[in-house]
> 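Here it is: the structure, laid out below.
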Amino acid sequence: MSRIASVLIPMPLPEAFDYAEPEGMGLAPGDQVAVPLGPRLIRGVVVQVRDAVGGNRPLKPVAERLDDPRLPPGTLEFVQWAARYAVDAPGQPLAIALRGARAPKPRPVRVVTATGVPPARPTAARTRVLEAAAGGPMPPADLARAAGVSSGLVKTLIDEGVLALDHVVADPAFDPPDLSRQGAELNASQAAAANALKAMIAAGGFNVALLDGVTGSGKTEVYLEAAAAVLAADPQAQVLILLPEIALTQAVIARVAGRFGAAPGEWHSDVAPPARRRVWEAVAAGSCRIVVGARSALFLPFRYLGLIVVDEEHDGSFKQEEGFIYHARDLAVARGKIEAAAVVLASATPSLETLRNAETGRYRWLRLATRHGIAQLPDIELIDLRETPPEPGRWLSPPLVAAMAETWARGEQSLLFLNRRGYAPLVLCKACGERLCAPDTDSWLVEHRYTGRLVCHLTGFSMPKPLACPHCGANDSLVSIGPGVERVEEEARALFPDARIAVFSSDTVFDAREARRMIETMAAGHIDILVATQAAAKGHNFPHLTLVGVVDADLGLRGGDLRAAERTYQLLAQATGRAGRRDRPGRALLQTYAPEHAVMQALKGQDRDAFVAAEMAERELAGLPPFGRLAAVIASGPDHDALERYVRDLAAAAPNAEGVDVFGPADPPFGLVRGRRRKRFLVRADRNIDLQAYLAAWRARVRAPSSVRVTIDVDPYSFL
Ligand code: ADP
């Protein structure tokens, strides 16, 4: 009997399409195939194969089964689950899952090897080449460098037959982790946490633990022990460690390599496509057993996933805000469930969602109360900017400057934290008052002095800084308002002209290698003052860093969305937690205009529990996460009238349901982005409501005109 294959295509289409299976193709779920779509052949993945029953309309046949690895059942189920969760087309998460499969294969490289033929003229240089070549095959240029000879000599030796030239593809295999190696000797509370994790892993199946420990308590050491236990218990088991920032992946990769004597698979947007392909295939084959990566690593085709670690689980960077919208921590728990794997969520400042699950006993709660060894948490002091303001046009107050001077005099390091890229967040014309905005977006242009450009951080638009006001034409009238990291660096240089000062932001540290270099330079003590955005303020261990100055502690509280206080607390606890390691006590100074604010008081008193209890009470009263569910519905389009009509109809069509409130449509702070007007709805629902089903039913009630794009953001983190 003939069979039908349902094929999911990595595009935003509502469902899988049916194709006829050609005789003898023997398709199975997970197979990658080429299928006709319109005039083209396109890659897709078989999700189901079933017998054709009589009366089916004739279907186009599957064109070809591709010679690429099959997606394992868990990956396939996860992709479909994620799509339902996000109320999006399953082709969207599938596209992420196939990113590595579609990347180009690594290209063969040229290498030379000694043939055993002796050189015609045995000079000292030739002997050095032969000695260097004894180390094994290597690219000709590397051999020339190793032997300290010209590349011309290597070429001569190839011509003479002393060396043979081959084309080889880099070995796709990953070295297996060496499980005979011992980890660090754990202190008592680390050992207790590690044992609890090992017991959980030994019990098998899906379980979630919160590893809750102050910065520097050794959470990484503990979860590496859990990883070792998983890898040792089952020779096929795989481990995934997720991190919120590329800079952090670099530090953890080094620690994994140190612990297991083998580099893990590395997965993030900065990994070159051929290297990505290698990781993808090795993960699918089960030969890459540890992956360290950013959020999209969650979609890799693991065969035997035994453990997922989400480090810094509270971090907002786990939320993917464009394209397929998801939160990697939430999806990690879902994937753990599908794979019957253990999940460890690690943080010094866990999200309220995770704390709630720990409080109610759904997650195991493992606490590390103190820093490892003699290291102490830093003293945190508030600087009231109303009492001791900086001089006009400056951003560092006298008490902070004095503390920096003392720190520098002792030969220790300072970190100035300001979560704002560029030189100034606003450029204003003092003649006409115009604030310079991007042409097609409601967002101020940020001045970047290194490049001399004005940049829209929302869309990436940029232009040279004009000499005259584009609005009124006045010359020399543009003034820079407020500080970014570049401006704080300028001030630090003026104050400490002899200090070694560096800036760590995504503009100065643009790739993984640069991040690693900067972190190593800082850790080695070769920087005196580091001015940094959040890219450097999380997770790193800088042994000589004893002072953290937070330039604008109130920054994250402005605008005030649901998580503003929580996020500010987490970010500042992370940033201040960089100070003081080893035997040197640390200090953190927070510049604020609101020292009485609950967040500042909690940071100063190091009283996380009281802060969390107060936040929880407020959220519970309002029925907000983690006590209720939220979703945003964002409609956008270039045609203002069509958009207005659509959102009016959508508002009228909202199903009435007990326990669901629909707010909007409202004009968001960014009402225009890339020439498209935007409108937002916010949906709040009680926890027992199937919010995804509600949203899907609502959206289906009103057909959107072709110019209008509708985006659903389940559990929004951005309200802009
Ligand atoms: P966290 O992830 O909780 O911030 P880390 O695991 O990074 O903490 O540990 C902080 C520092 O203390 C690191 O330099 C780490 O190597 C060191 N450390 C932690 N636990 C131990 C231990 N048991 N033995 C030796 N060094 C440790």
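Residues: numbered from 1 along the sequence shown. All values below come from the heavy atoms of this structure, side chains included, with hydrogens, waters and symmetry mates left out. Counting starts at 1 for both ligands and their atoms, in listed order. Quantities reported herein were computed from a predicted structural model and do not represent experimental measurements.
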> Could you tell me whether the side chains of E313 and S351 share a donor-acceptor contact shorter than 3.5 Å?
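Present: a donor and an acceptor within the cut-off.
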> Closer than 4.0 Å to some heavy atom of G218 - which atoms of ligand 1 meet that?
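Those qualifying, in numeric order: 1 (P), 3 (O), 5 (P), 6 (O), 8 (O), 9 (O), 19 (C).
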> Indicate yes or no: does an N/O atom of E185 lie under 3.5 Å from an N/O atom of ligand 1?
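Yes.
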> Tell me whether V214 reaches ligand 1 (any heavy atom closer than 4.0 angstrom to a ligand atom).
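Under 4.0 Å: yes for V214.
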> Salt-bridged, R517 to E520, with N to O below 4.0 Å?
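Judged by the 4.0 Å cut-off on N to carboxylate O distance, R517 and E520 do not form a salt bridge.
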> Check each of R420, Q591, R558 against D552 using the side chain to side chain donor-acceptor pair (under 3.5 Å) test, and report the only one that passes.
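For D552, the side chain to side chain donor-acceptor pair (under 3.5 Å) test succeeds with only one of R420, Q591, R558, which is R558.
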> Side chains of T75 and R335: do they bring a donor and an acceptor to under 3.5 Å?
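R335 and T75 do have a side-chain donor-acceptor pair below 3.5 Å.
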> Check ligand 1 against L186 and write out every atom of the ligand that is under 4.0 Å from a heavy-atom position of the residue.
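Those qualifying, in numeric order: 23 (N).
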> Should the pair R563 and Y717 be classed as cation-pi, given the thresholds of under 6.0 Å to the six-membered ring centre and 45° from the axis?
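Judged by the rule (NZ or CZ under 6.0 Å from the ring centre, within 45° of its axis), R563 counts as positioned above Y717.
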> At less than 4.0 angstrom from any non-hydrogen atom of T220, what atoms of ligand 1 do you find?
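In order of numbering, the contacting atoms are 2 (O), 5 (P), 6 (O), 7 (O).
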> Is any N or O atom of G213, backbone or side chain, closer than 3.5 Å to an N or O atom of ligand 1?
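No, there is no polar N/O contact under 3.5 Å.
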> Do any nitrogen or oxygen atoms of A184 come within less than 3.5 Å of a nitrogen or oxygen of ligand 1?
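In this structure, A184 places no N or O atom under 3.5 Å from an N or O of ligand 1.
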> Please could you name the atoms of ligand 1 that E221 approaches to less than 4.0 Å, counting only its heavy atoms?
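Close to E221: 6 (O), 15 (C), 16 (O), 19 (C), 20 (N), 21 (C).
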> Mind checking whether F299 and F324 have parallel, tilted or perpendicular rings, split at 30° and 60°?
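Perpendicular.
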